[in-house]
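In the text below, chain A, chain B and the rest are named by the order of the sequence lines, each starting its count at 1.
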Amino acid sequence: MEHHEEQKHHGTHVISYGRYLLIWLGLLSLTGITVALSGLDLGQWIIITAMTIASIKTLLVANIFMHLKFEDRMFRVFVLVAVVTLLIFIVLTFFDYAFR
Amino acid sequence: MTSGAAAVAQGHGHRDDVGAKLGMWLFLFTELILFGGMFIVYAVYRFSHPTEFHVAATELDTLVGTINTIILLTSSLTVAMSITAIQKGNKWLSFTLVGFTVMLALAFLVNKYFEWGHKFEVGLYPGSAILLNKPPGEILYFGLYYVMTGLHALHVIIGVVVLAGMMMFIAKDKITRHSYVRLEAGGLYWHLVDIIWIFLFPLFYLLH
């Protein structure tokens, strides 16, 4: 929808207000879902569902609000390297703690 | 090097917006590692004190946390829209949207002030007699709560200053439809503050 509005300006991508509003509504819905799920007794699953939803929200913010989807591929490679580095820290820490 | 400097001096020097944005992202990675380290400390202590973390989390008000989440998500929306506005040449719409973002950021801080204020009133602050009598897991939870939401709030305060600076740049035509990379960099910082909160919110408020 509204593709005619998302025209190229000076070689850069202009994202329509409508698209931003849709993403915002998606983020609010996901927040509602996490809060609703926290009221249920999901045991171990609560942390997994909460972190999954937070990751989806982060992808929406990074891709659209932070324009990552429309930037040069190099940006996504950089972000991937940074996130994988953090994940390595987390996994290595838990290899230590989980098996003590 | 010298020819480049001369070209800049003549006013038609080359501008590297992609480089500027990449620099901003590199800075954001240092922030990611800063908060990431704290998230690891949180994960380890939650892993070793699961029940105490759940008990301590009931002291937090989910409603206040949810309202602050909505405030930050909306502030991210307005700062993102301010870039579309400046790209379309709507200077004052862009100025107003950044202004909304600053007001939402201040609203977040006011909520935080009352939230922390209430915790202090009931004696739940680092080093208080009431807190020190609780089990170690709960002391750790509140320690992490104050350090992590405190560092986040400090970022919100810095964000307010940065965004207020952006408003000044827009008003003085230092940010225009042809040159708005500063607004993009300011926006990137603000979105990072939002992303940190996206993770802090479920980890501290939704533990029931």
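- Only the side chain of A:Leu68 comes within contact range of chain B, with at least one heavy atom under 4.5 Å from a heavy atom of that chain.
- Counted within 6.0 Å of CZ on A:Phe95, heavy atoms from surrounding residues, nucleotides or ligands total 12 or fewer; the atom is thus considered open.
- Options A:Val35, A:Val83, A:Leu21 differ in how many heavy-atom pairs under 4.5 Å they form with chain B, and the most are formed by A:Val35.
- Near-neighbour residues of residues 23-30 of chain A relative to chain B, defined by a heavy atom under 4.5 Å from a heavy atom of that chain, comprise A:Trp24, A:Leu27, A:Leu28.
- Heavy atoms only, all atoms of each residue included: B:Ser76 and B:Asp194 are closest at OG-OD2, 2.9 Å.
- Counting heavy-atom pairs closer than 4.5 Å to chain A, the top residue among B:Leu73, B:Leu192, B:Leu26 is B:Leu73.
- When each of A:Val79, A:Ile90, A:Thr85, A:Ile64 is checked for heavy-atom pairs under 4.5 Å with chain B, A:Val79 comes out on top.
- With ring centers used as reference points, A:Phe94 lies under 6.0 Å from B:Phe47.
- Residues B:Asn111 and B:Asn68 approach most closely at ND2-OD1, 3.0 Å, considering heavy atoms.
- Proximity of the aromatic rings of B:Phe53 and B:Tyr45 is defined here by a centroid distance below 6.0 angstrom, and this criterion is not met.
- Taking the ring centroids of B:Tyr125 and B:Trp116, they lie at or beyond the 6.0 Å cut-off.
- Per-residue counts of heavy-atom pairs under 4.5 Å with chain A were compared for B:Gly37, B:Gly187, B:Ala43; the largest is that of B:Ala43.
- Scanning residues 149-168 of chain B against chain A with a 4.5 Å heavy-atom cutoff picks out nothing at all.
- Both the backbone and the side chain of B:Val18 come within contact range of chain A, with heavy atoms under 4.5 Å apart.
- Both the backbone and the side chain of A:Thr34 come within contact range of chain B, judged by heavy atoms closer than 4.5 Å.
- Looking at B:Phe201, the atoms closer than 4.5 Å to chain A (heavy atoms on both sides) all sit in the side chain, from C-beta outward.
- Using cut-offs of 30° and 60° on the angle between ring planes, the pair B:Phe120 and B:Tyr146 is perpendicular.
- The two residues B:Ile196 and B:Phe39 make their nearest non-hydrogen contact at O-CZ, 4.2 Å.
- When heavy atoms are compared at a cutoff of 4.5 Å, B:Thr69 approaches chain A solely by way of its side chain, counted from C-beta outward.
- Contact check on A:Glu71 versus B:Lys21 returns a salt bridge, with a Lys/Arg side-chain nitrogen under 4.0 Å from an Asp/Glu carboxylate oxygen.
- Qualifying salt bridge (charged side-chain N to carboxylate O under 4.0 Å, His left out) partners for B:Glu115, counting only residues two or more places apart in sequence or in other chains: B:Lys112.
- Annotation for B:Leu206 and A:Ser38: closest pair CD2-OG, 3.6 Å, computed over non-hydrogen atoms.
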Is there a side chain to side chain contact (heavy atoms under 4.5 Å, CB included) between B:Trp197 and B:Val193? Walk through the geometry before answering. CA-CA 6 Å; B:Trp197 184 259; B:Val193 172; over 6 Å; no
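- Contact detail for B:Gln87 and B:Tyr180: the closest heavy-atom pair is NE2-OH, 3.0 Å.
- Between A:Phe70 and A:His13, the two ring planes are parallel [angle under 30°; tilted spans 30° to 60°].
- The closest donor-acceptor contact from the side chain of A:Asp72 to the backbone of A:Phe75 lies at 3.5 Å or more, if one exists at all.
- Proximity to chain A among residues 89-106 of chain B is limited to B:Asn90, B:Leu93, judged by heavy-atom separations below 4.5 angstrom.
- Cation-pi geometry between B:Arg182 and B:Phe169 is met: under 6.0 angstrom from the ring centre, within 45 degrees of the axis.
- Judged purely by distance below 3.5 Å, without hydrogens or angles, the side chains of B:Tyr141 and B:Glu52 never pair a donor atom with an acceptor atom.
- In this structure, CG in A:Leu37 is found 5.0 Å from CD1 in A:Ile53, a value given to the nearest 0.5 Å.
- Interface remark: of the candidates B:Thr74, B:Leu77, B:Val79, B:Ile195, B:Leu77 forms the most heavy-atom pairs closer than 4.5 Å to chain A.
- Contacts between B:Ser48 and chain A at a heavy-atom distance below 4.5 Å are absent for every atom of the residue.
- Across B:Ala20 and B:Val181, no two heavy atoms sit closer than the pair CB-CG2, 3.9 Å.
- Contacts between B:Thr66 and chain A at a heavy-atom distance below 4.5 Å involve the side chain alone, from C-beta outward.
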